[in-house]
Amino acid sequence: MADITITLPDGSERSVPAGTTVGGLAASIGRGLAKAAVIGAVNGTERDLGWELAEGDVVEIITATSDRGLFTIRHSTTHVMAQAVLELFPGATFAIGPPVEHGFYYDFELPPGPDGKPATFVPEDLERIEARMREILAQAQPFVRDELSNERAREVFAGHRYKLEIIDGEADDPTSATASGLVRTYENPPAEAWAQPAFAGYPGFIDLCRGPHVPDTKSFLGHFKLMRVAGAYWRGDEKKPMLQRIYGTAWASKKELDEHLHNLEEAAKRDHRKLANDLDLLSFPDELGGGLAVWHPKGGIVRKLMEDYSRERHAKGGYEFVYTPNIANGKLFEASGHLGFYRDGMYPPMEMDNGEYYPKPMNCPGHNLIFDARQRSYRELPLRLFELGTVYRYEKSGTLHGLMRIRGFTQDDSHIYCTPEQAHDEIRSLLGFVLSVLRAFGFDDFEAMLSTRPAKAETVGTDEGWAEATENLRAALEAEGLAYEVDEGGGAFYGPKIDVKVRDAIGRHWQLSTIQYDFNMATRMGLEYVGADGSRHTPIMLHRALFGSVERFFGVLLEHYAGAFPTWLAPVQVRVLPVRDDHEPYAREVADELTALGLRADVVEADEKLGNRIRKAKTEKLPYVLVVGDDDVASRTVGVNPRGRGRAGRLDRRVRPAGGRRGRRPVARPMTDPGAGPASAAEAGGGPGPGLARLWAGWRTAYIERLGDDPAEVRPDGDGRSLFERIFASDLPDDETHVLWRGETCFAVLNAYPYGSGHLLVLPQRAVADLGGLTEAEATELWAGVRAGVAAIEAAYRPDGVNVGINLGAGAGAGVPDHLHVHCLPRWSGDTNFMTAVAEARVLPEPLEVSSRKLRAAWPAPA
RNA sequence: GCCCGCGUAGCUCAGUUGGCCAGAGCAGCCGCCUUGUAAGCGGCAGGUCGUCGGUUCGAUUCCGACCGCGGGCUCCA
């Protein structure tokens, strides 16, 4: 037999006998590949393993580990499901059944029941179907590819009205091909002919399908599970019949299937509706009506902190604060166009003496009235109006979903009015602002969607206007280096937009922020400003929201953190537990001190065993538990038990800061110097607010207990000595330790102590008893080192949101000489010194070697 | 709005194939225990079995409607 030559993806050529199939080619390459091959791609088109190759074909073997292989497995599984359903439910028919993310579905219509309407599946049916599917798998029925003429196909599928629509080209099926008078089919010949044949001339199952498929029902298909049944309109049209959709999940291995099911359970544990209830944050009382929430005190404090932070950032961002009422005369919404375009989404009107009043579905009309309250000059632009504005929308009952989709919610809403010339810069800074705020809440994985002009927008705006606006949005995305996709035609009828999605802790995406152009409303409502040329112009209007809705954002945060809010947002930050009831006065003293410092602290008295009280604090996901007993009362200490770990050590309250004791503050002055970089959480953009410098002033970090027992705490650097021991032994060059900088009198070092995450320490080179003992020159250089370190971290890791807390005092933990201790952590972590544990790992998340290299590269040159 | 499912104590859930006073754990309250880093012991209280209507001698249980919730579809300026 003559040989043919095949090209493989790596460009190599291979000679095989004529008539060799895709599967045969895989086998000729290797046994492992033959076993793993699901399908092939021949000249870019996916083909079954049984496909015969021709001279010159370029062939790629696709295995189950690839997306396309998995896709095929799911596609074949849904065929098997359809087969099972059609056999088990005589008279049933089927529509389409594509693979989808994580699995597949198929849409069915069952024969009419006693009431004349098509019957429906009940959950028990899924078990029967699944059982039948497993029998089909065991039979190893081949997937037989064929092509039928349209006429023949109409005979075969005569009893299946939805398939006929597909054959006739009226309906689209993403997995079948209907070109040029032929339809492709896949048949699964059964072991025994069906008692009630469903297809003319076939003993069992056949489906319209482009393929490809796995070779037979036994190969690759076992790892699936039918998940649920749901209604779905035929062709997605609510005027067409509702079909019964069965969803399933399918994977290449049992391990992956189990992992997927496990992930679903994990996601269920994070469900914000469950957590909101468990943590007593908010509720949806039936008496209130669907889609409406009440916020309990613990949810309320978190919301308040979110809103306070939002206001603070907006104030700094040049926004002006406005308020508009919750209801408005219908005439306003006629003018804005809402009654024309959005009536279905609005609550019905209230009849009043002078017309109908509607709850507002959006804040923009009200803001426009503020813009229009007097004549505006170009000198006032950009005008940025901000409101935490509560809106009401009549969402269909079936769409409500916890906090994610509700009927009354608060937008952190802004409308920006600017000149066309300003739009470019405005959009650009806006996107940076949005991302900076989202980062502050602990998100750092973003994706964006750029939505362009839809067909329905023909009459709104000009071609040039749309093009320029879209370009401005694109430029901003590129300037931020943000990955984005383009949704062609996906914009609103009034303008293009950017939607920002974040990826949460378990990889799910949430759409939060939106930045939208509006070419429509300013014109409709007659908004104008007087330009430098003395004539009137229509301003560019931008809508934007960061959280989107405060409620929804709260829900996303809750799921992101699985209820364990970062310290700065936690309803209770610190709980103090007296071991015995006679320790209670001391516990109160500690809690009062923390409260006076602006922390949210409480005390739980000793009615129960300590273990149980700690357990309760853990289930409430409190960031810190402080335990005080006999030893602590005697020595003025507290035992620290942070969230996520057990007992962590002890804090000593006796030592006062060096500067305070000596009356000489070599480093205190520069710390509050506005030119010195972010010296407080407030300055860096939030956190518990002013008072940071005082916050832990009376405490010193002395991780005095058990330090060194845990290899993760002091990370031996090769020779069994801690990094500190090695550094102070001075027997290593800088590039083998993590010394980042050496000055005249001080140096900076990166260390893993005490949490296995990066700390940047700036230290004097000579041993001094305490900071008060520094010379003026040393203090100055120490501070310069701190500032350089902050700059380096900002440059190398986080351009925003780095807080710097500074410990003053004789920090003697782990035998470290007196030092100035710089904590670099994102604002969401809170910023008290022992509260940095988890946070710092996120700021310098890499191995020390990598962080060290990056920081050294980013270290600013001395002034 | 449409399809399927669900609704028993604050929470998580038993149970009733139509019948005596509807159960448990946790949470709550009271008492004992004086407590050292994720559950000490005992007691008490708590439910018109989502609401309304129907069938029945009798309904938490069967039927209907409504309300709410969940999963989908549709929708989402």
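As a basis for the values below, the full set of heavy atoms in this structure was taken, side chains included, without hydrogen atoms, waters or symmetry mates. Just so we're clear, the structure is a prediction, and the values are computed from it rather than from any experiment. So that the names make sense, note that chain A is the first sequence line, chain B the second, and so on, each numbered from 1.
The listed nucleotides are C11(B), G36(B), G72(B); the one nearest the side chain of V627(A) is G36(B). Of the candidate nucleotides C75(B), G36(B), G28(B), G28(B) has the atom lying nearest to any side-chain atom of K616(A).
Side-chain atoms of D632(A) and base atoms of G36(B) include a donor and an acceptor less than 3.5 Å apart.
Nucleotides C73(B) and G10(B) are separated by 35 Å at their C1' atoms, to the nearest Å. Taking atom C1' in both G58(B) and A65(B), the straight-line distance is 23 Å, to the nearest Å. Taking the P atom of each, G23(B) and A39(B) are spaced 31 Å apart, rounded to whole Å. Of the P atoms belonging to U60(B) and A9(B), the separation is 15 Å, rounded to the nearest Å. Separating the C1' atom of G50(B) from that of A45(B) is a span of 23 Å, rounded to the nearest Å. As rounded to the nearest Å, U61(B) and G1(B) have C1' atoms that lie 31 Å from one another. Straight-line distance between the C1' atoms of A59(B) and U51(B): roughly 15 Å, to the nearest whole Å. Taking atom C1' in both C49(B) and A24(B), the straight-line distance is 16 Å, to the nearest Å.
When heavy atoms are screened at a 4.0 angstrom cut-off, Y247(A) is found touching the sugar-phosphate backbone but no base atom. Across all strands shown, T120(A) has heavy atoms under 4.0 Å from sugar-phosphate atoms exclusively, and none from any base.
No hydrogens or angles considered: a donor-acceptor pair under 3.5 Å links the side chains of Y417(A) and N368(A).
Going from atom NE2 of H102(A) over to atom P of G72(B) covers 13 Å, rounded to whole Å. C73(B) atom P lies 12 Å from atom CD1 of I96(A), rounded to whole Å. Between E620(A) atom CD and C26(B) atom P the separation is 17 Å, expressed in whole Å. Rounded to an integer number of Å, the gap from H296(A) NE2 to C11(B) C1' is 13 Å. Whole-Å rounding puts the D499(A) CG to C76(B) P distance at 14 Å. A straight line from CE of M227(A) to P of C3(B) spans 24 Å, rounded to a whole angstrom. One interatomic measurement links the two molecules: OH of Y105(A) to C1' of C4(B), which rounds to 17 Å at whole-angstrom precision. Distance NZ (K396(A)) to C1' (G1(B)): 5 Å, rounded to an integer number of Å.
Taking W510(A) as the reference, D504(A) meet the side chain to side chain donor-acceptor pair (under 3.5 Å) condition, with sequence neighbours excluded. Under the rule for a ring-ring contact (aromatic ring centres under 6.0 Å, His included), F409(A) has no partner lying at least two apart in sequence or in another chain. Listed by chain and residue number, nothing satisfies the side chain to side chain donor-acceptor pair (under 3.5 Å) test with W295(A) (two or more places apart in sequence, or in another chain). With sequence neighbours left out, the side chain to side chain contact (heavy atoms under 4.5 Å, CB included) criterion links A230(A) to Y247(A). Taking the side chain to side chain contact (heavy atoms under 4.5 Å, CB included) definition, one finds that V322(A) meets it with H367(A), I370(A), L385(A), E387(A), sequence neighbours left out. With sequence neighbours excluded, no residue satisfies ring-ring contact (aromatic ring centres under 6.0 Å, His included) with H296(A). The salt bridge (charged side-chain N to carboxylate O under 4.0 Å, His left out) test applied to K269(A) returns E266(A), not counting sequence neighbours. The side chain to side chain contact (heavy atoms under 4.5 Å, CB included) test applied to D286(A) returns no partner, not counting sequence neighbours.
Mapping Y494(A) and G398(A) onto RNA chain B by nearest heavy atom places G398(A) closer to the 5' end of the strand.
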Are there any protein N/O atoms within less than 3.5 Å of an N/O atom in nucleotides 62-70 of chain B, and if so, which ones and at what distance?
unit_1	atom_1	unit_2	atom_2	d
G68(B)	O2'	D286(A)	OD1	2.9
G70(B)	OP1	R273(A)	NH1	3.1
G70(B)	O3'	R273(A)	NH1	3.4

Strictly under 3.5 Å: I want the nitrogen or oxygen pairs between protein and nucleotides 29-34 of chain B, one per line.
unit_1	atom_1	unit_2	atom_2	d
U34(B)	O2	D581(A)	OD1	3.2
U34(B)	N3	D581(A)	OD2	2.8
U34(B)	O4	D581(A)	OD2	3.4

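Heavy-atom distances under 4.0 Å link RNA chain B to R228(A), V229(A), A230(A), G231(A), A232(A), Y233(A), G236(A), E238(A), M242(A), Q244(A), R245(A) of residues 228-245 of chain A, given in residue order.
For RNA chain B, runs of at least 3 consecutive pairs of the Watson-Crick or G-U wobble type, with both hydrogen-bonding distances under 3.5 angstrom, map to B:1-7 with B:67-73, B:10-13 with B:23-26, B:28-32 with B:40-44, B:50-54 with B:62-66.
Ring geometry for H543(A) versus Y494(A): interplanar angle of 30 to 60°, hence tilted. Between F565(A) and F554(A), the two ring planes are tilted [angle within 30° to 60°]. Using cut-offs of 30° and 60° for the angle between ring planes, the H338(A) and Y342(A) rings count as perpendicular.
The existence of a salt bridge linking K274(A) and D271(A) is excluded, since no basic side-chain nitrogen approaches an acidic carboxylate oxygen closer than 4.0 Å. The residues R580(A) and D582(A) are annotated as salt-bridged, a charged nitrogen and a carboxylate oxygen being separated by less than 4.0 angstrom. For the pair E109(A) and R161(A), the salt-bridge criterion is met [side-chain N within less than 4.0 Å of a carboxylate O].
The phosphate of G10(B) has neither OP1 nor OP2 within less than 4.0 Å of any side-chain N or O from N277(A).
Looking only at distances, a side-chain donor or acceptor of R270(A) sits under 3.5 Å from a matching main-chain atom of E559(A).
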